[in-house]
Amino acid sequence: MTSLSFIAVAAHSAQHFALSATQFDGDDPFSAILIYRAWLSQPWDRIDISRTIVDLVFSPSETSADLVALSDEGDIYLVQETIKRAKILGAGVSSEDADGRGRTTLLCASGEKLWIAGDNGQLYSGGFSKGWEQITLQPQFQPAAMIPDNSGGVLLAGDMEIAQQLEQIDTSDPQAILSALRAGRADRTAAPASARLYHVLASGRVREIALPAVSHIRGMATLGGQEFCIFGVNGLFMSGDLDRGLVREDIGLSGQTILTAAAAPVGVILGTDRHWEVYDGAKTTPFSLGLINEEIRHPLRAIAADEGTLLVDYHAAPLWRDGAMWKVINLPQALQKRHFDADAFLKQR
């Protein structure tokens, strides 16, 4: 049975987080949402959905612990005892109502709203009871990352459409993307400056924030207080806040693509297309995980929480760090298969 690849993660706390595991098949999309609740005798739960779930977030409304999932076709799922589904009409590629807008790719909770972004300048805000309002952005804008702004709005970063040779890459497959990122590093030419950063207020008003002349953004993360960072291809790393602006820093990762970042007591933990690194404000060094059998890692997401740091790999079990020790969170192999074998799962309990 083919193993699934993780594609998205959300954490409500050290004891409660969720992963989206997907098998990439354009003709038969499928995702398994794996929910971890440490206080249960069997901490893992699994929900199968016939869509590619590209992002997850814990909703700020109701109990403040409801999980929300987004598909690339504009489906939004509220995961409670029963699952509630909404659809952004027109969004997606293969859904019956798709009208050419393209995929939805990013999900964020801020204030009392959910925010959804996607290809070709798509941006929506709202909720299951309020419906979804479309906010106008330039159609050439391709969002790469979205974070809350601490005032009910969001910061949205990405690039204007750039001429890239992507037609041979399956952009829905994390492993294909990683292979493409690693290929031909020495032959890369400088890309034209195309990065954009938008501050979208809770009211829906959009203002553009000035950025250094850069391109190929891959992500964004909060660093504490009002400070945040933007990162991407060829060691791109910018940090600052909305008042001071952002400054590009040379953190010594030229030739690598930074895929994720999270602030931690040891510094800013960075996941690149090679491994995990840590930036202490002066230099970047390899981040040893201290595991007995430390394997090659394919970083997906680093998440900082009050209780510690969660590292998620595309294929390996999640790691949790509380203090100086890393803990591998046991993830039964039966949960990582497309065809769920309940007997095998029970045997691993």
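Here the structure is a predicted model, which is why all the values come from computation and not from measurement.
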* Please name the residue in the list Arg85, Lys84, Lys87 that meets the salt bridge (Lys or Arg N to Asp or Glu O under 4.0 Å) test with Asp75. =>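 When salt bridge (Lys or Arg N to Asp or Glu O under 4.0 Å) is applied between Asp75 and each of Arg85, Lys84, Lys87, only Arg85 qualifies.
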
[X] (side chain) donor-acceptor with [Y] (main chain) under 3.5 angstrom:
X	Y	result
Tyr77	Val79	no
Asp72	Arg103	no
Asp313	His315	yes
Ser110	Gly153	yes

* Find out whether Val93 and Glu73 are in side-chain contact, i.e. whether some heavy atom of one side chain is under 4.5 Å from a heavy atom of the other. =>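 Side-chain contact under 4.5 Å: yes.
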
* Using a 4.5 Å cut-off on heavy atoms from C-beta on, say whether the side chain of Leu223 contacts that of Val268. => yes

* Atom of Leu246, atom of Gly240 and distance for their closest heavy-atom approach ->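 Closest approach of Leu246 to Gly240, heavy atoms only: CG-N, 4.2 Å.
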
* Considering all heavy atoms, the nearest Ala145-Leu106 contact -> N-CD1, 3.5 Å

* Just jot down the salt bridge (charged side-chain N to carboxylate O under 4.0 Å, His left out) partners of Arg244, sequence neighbours excluded, or say none. =>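 Arg244: salt bridge (charged side-chain N to carboxylate O under 4.0 Å, His left out) contacts with Asp241.
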
Flag for [Y]-[X]: side-chain donor and acceptor within less than 3.5 Å:
X	Y	result
Gln80	Asp66	yes
His199	Asp149	yes
Ser31	Thr22	yes

* To do: Using the six-membered ring wherever Trp is involved, compare the ring planes of Trp44 and Tyr36 and label them parallel, tilted or perpendicular (cut-offs 30° and 60°).
  => tilted

